[in-house]
Amino acid sequence: MSVMQSEDDAFFYHHGFLLDAMREALIHDLKVHRFARGGSTISMQIVKNIFLNRKKNIAHKLEEALIVWLIETEHLTSKSRMYEVYLNIAE
């Protein structure tokens, strides 16, 4: 299975967010009373790994979302470049 299929198969088609995935993650996290899932896209994972730390809290998630929104809406880099970076930093 390729990285795209397992992580974010709509990466080249969305604008940084998958609202359904984020909603499902929030519902799950509320049920288990902790940050267990994040609903992150590849764009969000890049931002988390390059610009932020790995702390899991609501403020961190909002920072991550703001940076992704800026990158995507201002077209600060191409999706191809973002994917290249992701493949180079993916754990």
Side-chain angles (χ1 to χ4, degrees):
M1 181 182 294
S2 76
V3 173
M4 290 301 286
Q5 289 174 328
S6 64
E7 290 293 328
D8 182 357
D9 59 355
F11 173 71
F12 286 98
Y13 307 105
H14 63 65
H15 298 287
F17 305 97
L18 292 173
L19 296 179
D20 288 341
M22 292 173 70
R23 182 177 47 251
E24 289 174 17
L26 176 61
I27 291 167
H28 177 78
D29 291 350
L30 290 171
K31 284 181 182 176
V32 299
H33 304 287
R34 65 184 178 90
F35 291 103
R37 291 175 49 189
S40 293
T41 60
I42 287 175
S43 303
M44 296 171 81
Q45 291 177 45
I46 291 168
V47 166
K48 176 182 67 184
N49 288 322
I50 293 176
F51 299 110
L52 302 172
N53 60 38
R54 294 176 184 252
K55 289 193 325 191
K56 293 184 179 183
N57 61 51
I58 195 69
H60 177 265
K61 201 63 164 177
L62 292 173
E63 286 178 312
E64 186 179 304
L66 177 60
I67 295 168
V68 167
W69 179 80
L70 288 168
I71 290 170
E72 293 276 350
T73 60
E74 297 298 320
H75 307 288
L76 298 179
T77 191
S78 70
K79 287 284 197 170
S80 296
R81 177 65 180 139
M82 289 174 72
Y83 190 58
E84 178 185 349
V85 169
Y86 174 78
L87 291 175
N88 285 316
I89 65 169
E91 295 178 355

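Everything numeric in this text was worked out from a predicted model, so none of it was measured. As a basis for the values below, the full set of heavy atoms in this structure was taken, side chains included, without hydrogen atoms, waters or symmetry mates.
The backbone N or O of Phe11 sits less than 3.5 Å from a side-chain atom of Lys79, completing a donor-acceptor pair. A side-chain donor-acceptor contact under 3.5 Å links His60 to the backbone of Asn53.
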Exercise for review: Would you check, one step at a time, whether the test side-chain contact (heavy atoms from CB on, under 4.5 Å) holds for Ser43 with Tyr86?
Suggested key: CA-CA 8 Å; Ser43 303; Tyr86 174 78; over 6 Å; no
Exercise for review: Begin from the C-alpha positions of Ile42 and Met82 and carry the test side-chain contact (heavy atoms from CB on, under 4.5 Å) through to its verdict.
Suggested key: CA-CA 8 Å; Ile42 287 175; Met82 289 174 72; 5.8 Å; no
Exercise for review: Decide yes or no on side-chain contact (heavy atoms from CB on, under 4.5 Å) for Leu52 and Ile67, but give the supporting numbers first.
Suggested key: CA-CA 10 Å; Leu52 302 172; Ile67 295 168; 4.3 Å; yes
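Note that NE2 of His15 and CD1 of Ile71 are 15.0 Å apart. Values are rounded to the nearest 0.5 Å. Once rounded to the nearest 0.5 Å, the distance linking CG of Asn88 with CG of Asn49 reads 12.5 Å. With rounding to the nearest 0.5 angstrom, the CE atom of Met22 is 12.5 Å from the CZ atom of Arg37. To the nearest 0.5 Å, atoms NE2 (His33) and NZ (Lys31) are separated by 11.0 Å. Atom OH of Tyr83 sits about 15.0 Å away from atom OG1 of Thr77, to the nearest 0.5 Å. Going from atom CG of Asp29 over to atom NZ of Lys61 covers 9.0 Å, rounded to the nearest 0.5 Å.
Using a 4.5 Å heavy-atom threshold, the side chains of His14 and Asp8 count as touching.
Using a 4.5 Å cut-off between side-chain heavy atoms of Ile, Leu, Val, Met, Phe, Trp and Tyr, with links allowed through other members, Met44 and Leu19 fall into the same hydrophobic cluster. Under the 4.5 Å side-chain heavy-atom criterion for ILVMFWY residues, no single connected hydrophobic cluster contains both Leu70 and Leu18. No chain of hydrophobic side-chain contacts below 4.5 Å, direct or via other Ile, Leu, Val, Met, Phe, Trp or Tyr residues, connects Leu26 to Leu66.
Across all their heavy atoms, Gln45 and Ser40 have their closest contact at NE2-O, 3.7 Å. Minimum heavy-atom separation, Phe17 to Trp69: CZ-N, 3.9 Å.
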